[in-house]
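See structure below.
Order of appearance sets the numbers: ligands from 1, and atoms from 1 within every ligand.
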Amino acid sequence: TERTTDPAPHEPRRDAGPGQGAGVVVVAGALYDRGRLLAARRSAPVELAGRWELPGGKLEPGESPEEALVRELREELGVEVEPGERIPGEWPLKPGYVLRVWTARLLSGEPRPLEDHDELRWLSRHELDSVDWLDQDRPAVAEAALRLPPA
Ligand code: CDP
């Protein structure tokens with residue numbers, strides 16, 4: 001029987017066989033500082049621009065998720081971080097992409113929107129709903145809020 005809706009054959013499949021794993025893993029950081037969580041507003045691509053996310057990016061071959069997180073936050077924000085625990089869960093992005101989130105602690109530097117973002121905000125617990133989070137980041141942010149250390 002012919003398929004009428006082909007699931008984007010050029011994209012890696014999340015449910016593909018052995019060796020494919022989860023497809024493309026995007027790691028993001030729940031970065032904490034003095035009781036606040038860092039939110040980053042995307043500047044690109046157009047369909048995501050203006051929406052807020054936990055900063056991060058794609059895992060590169062041979063990297064551990066923690067290494068990828070350290071690299072991405074260095075590139076995007078100009079800071080050094082120490083990864084903490086993984087926030088349980090995994091959230092689908094576009095087909096073939098999943099989001100996994102780690103907590104992270106700021107070691108040095110003041111985050112600046114160097115790449116991918118045009119604004120950053122440190123949000124306290126009661127400010128977490130004040131930005132328009134990407135839909136796929138919302139459950140991760142809720143989990144991150146539960147782990148927000150005291151100020
Ligand atoms: O920096 P890199 O090109 O590796 O990755 P990215 O463009 O920042 O993120 C890859 C994909 O994951 C994009 O489609 C982002 O929109 C998505 N993403 C997300 O949905 N939520 C995040 N917290 C981080 C990335």
ask   = Does Tyr32 use its side chain to pair, donor to acceptor, with the backbone of Ala144 at less than 3.5 Å?
value = yes
request  = Using modelled atom types only, decide if a donor and an acceptor are shared between the side chain of Arg86 and the backbone of Pro88 within a distance under 3.5 Å.
outcome  = no
request  = Would you mind checking if Lys58 and Glu72 are paired as a salt bridge, meaning a charged N to carboxylate O distance below 4.0 Å?
outcome  = no
remark   = Across all chains, not counting sequence neighbours, the salt bridge (Lys or Arg N to Asp or Glu O under 4.0 Å) partners of Glu76 are none
Sorted by chain and number, the residues that approach ligand 1 to under 4.0 Å with a heavy atom = Val26, Ala28, Arg42, Leu48, Glu53, Leu54, Gly56, Gly57, Lys58, Glu72, Glu76, Leu93, Lys94, Leu99, Asp116, Leu134, Gln136, Asp137
query = Is there a donor-acceptor contact under 3.5 Å linking the side chains of Ser124 and Glu127?
reply = yes
inquiry  = Do Trp102 and Glu66 pair up side chain to side chain, a donor and an acceptor below 3.5 Å, judged on atom types alone?
reply    = yes
